Structures are given as structure tokens and as C-alpha cells.
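A short write-up of the structure that comes next.
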Number of protein chains: 2
Amino acid sequence: MAKRRTITIKEVARVAGVSVTTVSNYLNGQMARMSPETRDKVGKVIEDLHYQPSSAAQSMRSNSTKIIGVIVGDISNVFSPLLFGGLQKVLKPRNYSLMLLSADNDPDDESRCIGKLLRQHVDGLIIQPTQDEPEAFYPITVSGTPLVIVDGIVRALPRNAAHVTSDNTTSTAAMCRELHERGYGRILTVSESTAPTSSQMPRLRTVAGCAADLHMEHVALDMRGHDDAWLAESIRGGLTPGLRTAVFPLMGPMLFHTLDALMLAGLSFPDDLGLVSFDDWNWGRFIGHGVDLLQRDIDEIGRLAGESLLRIIETGSPERSEISVPTKRIAGHSL
Amino acid sequence: MAKRRTITIKEVARVAGVSVTTVSNYLNGQMARMSPETRDKVGKVIEDLHYQPSSAAQSMRSNSTKIIGVIVGDISNVFSPLLFGGLQKVLKPRNYSLMLLSADNDPDDESRCIGKLLRQHVDGLIIQPTQDEPEAFYPITVSGTPLVIVDGIVRALPRNAAHVTSDNTTSTAAMCRELHERGYGRILTVSESTAPTSSQMPRLRTVAGCAADLHMEHVALDMRGHDDAWLAESIRGGLTPGLRTAVFPLMGPMLFHTLDALMLAGLSFPDDLGLVSFDDWNWGRFIGHGVDLLQRDIDEIGRLAGESLLRIIETGSPERSEISVPTKRIAGHSL
DNA sequence: GTGAAAGCGCTAACAA
DNA sequence: TTGTTAGCGCTTTCAC
């Protein structure tokens, strides 16, 4: 199927027997600048020819593409569609389109994605960062493209960029205190060290700190390079009679691994041990008698990030550069 | 923050003291057409200036954007990231970017999305259709843009478009027979009539047909306009002592509703009734003692759709226009 | 080995 | 009310 010759504004003008200016005016709603007959005629020709103005040509003149670039670390994580949904809610009514790229948790890939979107001249950028090297974002700063960083933690926020995350420390600390009060003496965190920007990091640090303060034991299990059998083994090995243990997966995918490991190990909660997890997906209530959760509001993060971005685009600089969305405590029966 | 003046190829040429032609040659890897000194100098200037060639200008000449447009019915459905992941696997290595739009299950919105992507001159289109009016896709055909329709069922497939779906009828029919063999006498389907293109439709028809053939009762519960309490009521009302009943949600979100309804109704499976569901997400094993499922391989659908699209783009027409991906039967303990 | 210039489809002065 | 034309940033002949 040979791509048919593209229909241009010139073509429309020729067929309608008017100048390109008139057609352009029509496209841009400047109806006052032509007679009603001309208007109808142009409209009809556009219809007949199924003419679609080229946004490439348009944006080349207008310096605006109405495209927002989004880079996530891992597209298959449920985080992505939730974020996207939130973003769409505020961006779509404003007529922006979203270009979604996945960096696959690879810093180099992320840099390539940034370049790609910059070449597209996107009007703004939303990034869930995989790397925290300030230089990675330098091209963005140079180009002057509005930027909002979501979820991940970066060492140095580029000038004029906004940052939207969920609360990690307060909620984690509160959970540690709760575990202490409930009589737990040991916490087994389950995480996977991927990017230095991962929100698991502050959570892990908080657990470590709080455990020390509360005189609880803390064992950090890192899934990196390991499988569920290893996790099952490690969890079982972490149990001591007389010392209540709570397993604490620090992100959704780790809850999956943990549940599989518990099945493998033949352990059940809350009898053999307690279970509480970070997770963004609302399915915990169906597991057992309900899993105790710390749940982020990703949709809200998306909305706030979108609004922040719009503000930067419109005013030229963010009003507030750091926004933290509260994490919800979902009660269950797994502790 | 005023968007800094864009750096152009002209600028680079001026600073490097060469012509734009030379810079262009450099960008396109035509290194043979310049001296090594020139090459290095140009490279350095590009680096220093953080120059990014404008893809709008490039695509205006080349007639290729290296962008694939994707339209899904509902971005918040887990279907979306899974499809996207599959698409990325084949498209990203070929240097295509994805532009994702959600039609929010609205035909008009879908048409708008199509227009938007056509104006972007995307190199190809992947659509999970919300409407099955053949005219809706006419602009695509006119523009000659390669098209692959995924998941949904359309009345008339546009000429030269490919179609990738999962098997709905065979798997559903097999399930009905299994239910019959297991001694079930009544099937309660749970669906939500949204789009006429929804894959729930063939599933529903198949259940109705098989139930009749096997002399089983079939009650179709349509969630449209109802809440979980209504569903709980309806399910309870659908039980008769002596006649084994199976609830059969026809898509993932309906499984959520059904589980909530069962909790509300105080019914448990497989004791009070059987439960089997279509669902694309792999969490069913954590529910109760595991839910019996019919699971599509969305990642595979994405990969096949991507490959199909590439084939259309490259050869000009699809080799095989209808592809059906088998649906997996995940064994559980809910029947 | 290097450069000048035409033209991709569109918008916006400026003319008529 | 309508038309002419100069670019936007880039690629690509065709000369030098």
C-alpha cells in the first residue's frame, strides 16, 4: 500500500479556488476574514479531501507542539497507567497529547529517551527518574523545556523543575511505630535495589533508622539476583520463636514475590508472621482477609504533576517546586 | 523561564565555521563527505551547544516520523501497560517512539484521537477500538496510514489493516463444557456493556449458546448503571439449593466487582458457588486458594501487533490480516 | 571536501 | 474579503 500523496493546504486552496491564506484562516478559526460562501466552500473541500493539516509544519511555525513527553522507569509496572490516567485528566482537556517512553530502568536508555523527546520539541516533560546524575537533565535545562520529576528522588533538582512525590518517610516511620506497638520485635524488609532514585531507598533508610530507635531488629532482604525460593528460605530463616516478625515489602512487585515466597515456605499471616506492604494497586483486600497496606495515590500524583507542568509552561516558572502526596494507610488483617 | 532560543543547524554551522550542508551530512552519518578535522570540529560544536536537530523539520522532509500512535479504550485498565510493553519490545529496537492516547471508551473521543495522530503523520497506528462504524477508520485508510486493530471486534476491517485479538470463543466454550462436567447447572455472567467492540460480547454470546446446548441455565448480569450492592443482591438471588451455580466475570474489572460483591453477600467460593473469570493480570493465585482463570497473553498480542505493523509499513501490506492469540486456562481452586 | 539554494507544509505580515 | 510572500529548520541536489 503506497502511502498516498499527502494532501496539503495548497491542494485544498487550489480545489476550493481560494488562496492558502484563506484556508489557513479557516483552519485557525478566523472565520471573520472570509465570506460565508467561501467558508462553506473551504469547509466542504477539507471534508471531501479528508484533509489533515500537518502538525509538524504547524509546530515549526508556532514553536509549540502540544505534546508532553513522559518517561517512566518500567512500563509494565501498574504505576505507569495510574500516573498516565492522572496526567490525562488535566492535560487532555487542555488539548495536550502524551508521548510515553519507557527507560526500562536503564540510565543510558533514559538519556536517549530525553534526547528523543527534546528533538520532538515537546512542550513539557514528566520524568520518573532512573538516574540521579544532575548532568543527565542538563540538556533539558539548556533547551528550557519545562520539567516535572515524579516519584523518584534525585540529588539535585534542575533549576526551574518541579518535583512531585509521595510521602515515604512519615508513613514508613508511622508504620514502624505501629509494628512496635503491636508487639513486633523484628522487621524483614523486601526490596530490590535498582535505581538510586527508587522510592524504596528512603523507605529502607527510614525502617533502618526507626528500628534502631525502637530497639527492633531489622533485616534487609534484597531480591536483586535472587528468586522466590531464596526469599522463602530467607524469610523462614528470619523467624525466631518468641520474637514476632513482620515482613515488609517496600514496593508492589515485592509484595508479589513475598506472597509467592510465603506460599513456598508454607507460612501464613498473620499467624506465623505479620505482613504489611507498600502497594499502589487496590487488590490487597482480596488477599487472605485483607493485607495491611501503605498505598500511594498515583492518580493524584499524576494530576498534581500535570498541573505543575501547566503552571511552568504558562507562567515560566513553578510556584512550588516540591510537592509530597500523603500515603494512605489501608487497614487489613495481616498484622 | 523564557524558552531559550532554539539552537538550529545554521547556528551550529556558523560556530563551526562550515556550511549547513556539512552539519547535515554529519548528522546523517555521511562522514566520508568531510575531512576528519571538520568532522571533529562539528562534533564538538554540537556537543558544546547541546544541539538537538528538530524532528519536525526532519520529518517534514523525510515523510517519516518514526512515531507509532496507540489508542486504547481505557488507560487505567491493566491491559494498557501490558499491551504497551509488548509493543515496545518490537518497536523500540527499531527506533520507533510510541504516542499513547486514551479514548476513554468514547467513540467521538476516539475519532478525535485518530485525527490528532493522523495530523502528527504517525508512521503507523495501533487501535483498541471503541466503535465499529467502518466510517470511523476511513480517514486512516485515505491517508494510507498502516493500521493494526487489537483486542476489539470491528464489523468491517479496513482494507489493508491487520487484526490481532485473543481467542474468545474457543476458550469460553471449553470453559462452559468444563462447568457442565463439574456439575454446574447455572452460569451467572458478569459483564458491562460498554462498546459494541468489547471482547466481552463474543464471550457473552458463546456462554449463551453453550448454555443452551448443554441445557444449563444462563443469567447475564450487566453492571452498567449498577453498583456492587446490586451485584451482591443479584448473585444471591441467582442461587438455588440443589443447582450448582458458577459466577463468570467476563473481564478483569468485573472480577473486582464480583469479589467485592461476594464479600458483601457473605458468599464464599467454591463452597457457596463456583467462580471462574477472564482476567489478564496474574494475581488470581493469591485470592482465596487461587481463582480459576482464562488469561489472555496481552504482551504477546502487543508483540504480534507490533510485528504486523512493521510488516505493513515495510512491505506495504499485511501478510496475514487476522491473528488470534490463544487464551490460557489458569487452574485454581475456585470451582 | 565544501557550499548555495530549492523546497517540505504551514502561518502571518503586508498588499491589494 | 482575499492574495502574495517570507520564512520556520532541515535535507538534498548540483556546483564549485
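Being a predicted model, the structure only gives us computed values, none of them experimental. We name chains A, B, ... by the order of the sequence lines, and we start the count at 1 in each one.
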Regarding [X] and [Y], is there a side-chain donor-to-acceptor distance under 3.5 Å anywhere?
X: B:E322; Y: B:T165; answer: no
X: B:S35; Y: B:T38; answer: yes
X: B:S24; Y: B:Q30; answer: no
X: A:D123; Y: A:S64; answer: yes

Are any of [X]'s side-chain N or O atoms less than 4.0 Å away from OP1 or OP2 of [N]?
X: A:Y51; N: C:dC10; result: yes
X: B:Q58; N: D:dT11; result: yes
X: B:T8; N: D:dC8; result: no

### Task
Give B:T22 one of three labels, base, sugar-phosphate or nothing, depending on what nucleic acid heavy atoms sit under 4.0 Å from its own.
sugar-phosphate
### Query
A:S54 near the nucleic acid: base, sugar-phosphate alone, or nothing, with a heavy-atom cut-off under 4.0 Å?
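A:S54: backbone/sugar contact only, no base atoms under 4.0 Å.
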Find the distance [X]:[atom1] to [N]:[atom2] and express it as a whole number of Å.
X: A:N63; N: D:dC10; atom1: CG; atom2: C1'; answer: 15 Å
X: A:I46; N: C:dG9; atom1: CD1; atom2: C1'; answer: 14 Å
X: A:I9; N: C:dT11; atom1: CD1; atom2: C1'; answer: 8 Å
X: B:K10; N: D:dG7; atom1: NZ; atom2: P; answer: 9 Å
X: B:L27; N: D:dT12; atom1: CG; atom2: P; answer: 11 Å
X: B:R14; N: D:dG9; atom1: CZ; atom2: P; answer: 13 Å
X: B:K66; N: D:dC10; atom1: NZ; atom2: P; answer: 19 Å

### Task
Starting from the 5' end of DNA chain D, give me the residue, B:S24 or A:S19, whose nearest nucleotide shows up first.
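Counting from the 5' end, the first nearest nucleotide belongs to A:S19.
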#### Entry: Along DNA chain C (nearest heavy atom to each residue), the more 5'-positioned of B:N25 and B:R61
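Per heavy-atom nearest nucleotide, the more 5' residue is B:N25.
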Using the side-chain heavy atoms of [X], tell me which of these nucleotides is nearest: [options].
X: A:M60; options: C:dG3, C:dG9, C:dT11; result: C:dG9
X: A:V20; options: D:dT4, D:dT11, C:dG3; result: D:dT4
X: B:T21; options: D:dT11, C:dA4, C:dT11; result: C:dA4

### Side-chain touch A:L87/A:I68, heavy atoms, less than 4.5 angstrom
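When only atoms from C-beta onward are counted, A:I68 and A:L87 do not touch, as no gap falls below 4.5 Å.
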### Query
Thinking salt bridges, do B:R112 and B:D108 make one under a 4.0 Å N-O criterion?
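No, this pair does not count.
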### Message
I'd like to know if B:K44 and B:D40 make a salt bridge, using a cut-off of under 4.0 Å between side-chain N and carboxylate O.
### Response
no
### Query
Going by number, which of residues 28-43 of chain A have a non-hydrogen atom under 4.0 Å from DNA chain C?
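Output list: A:N28.
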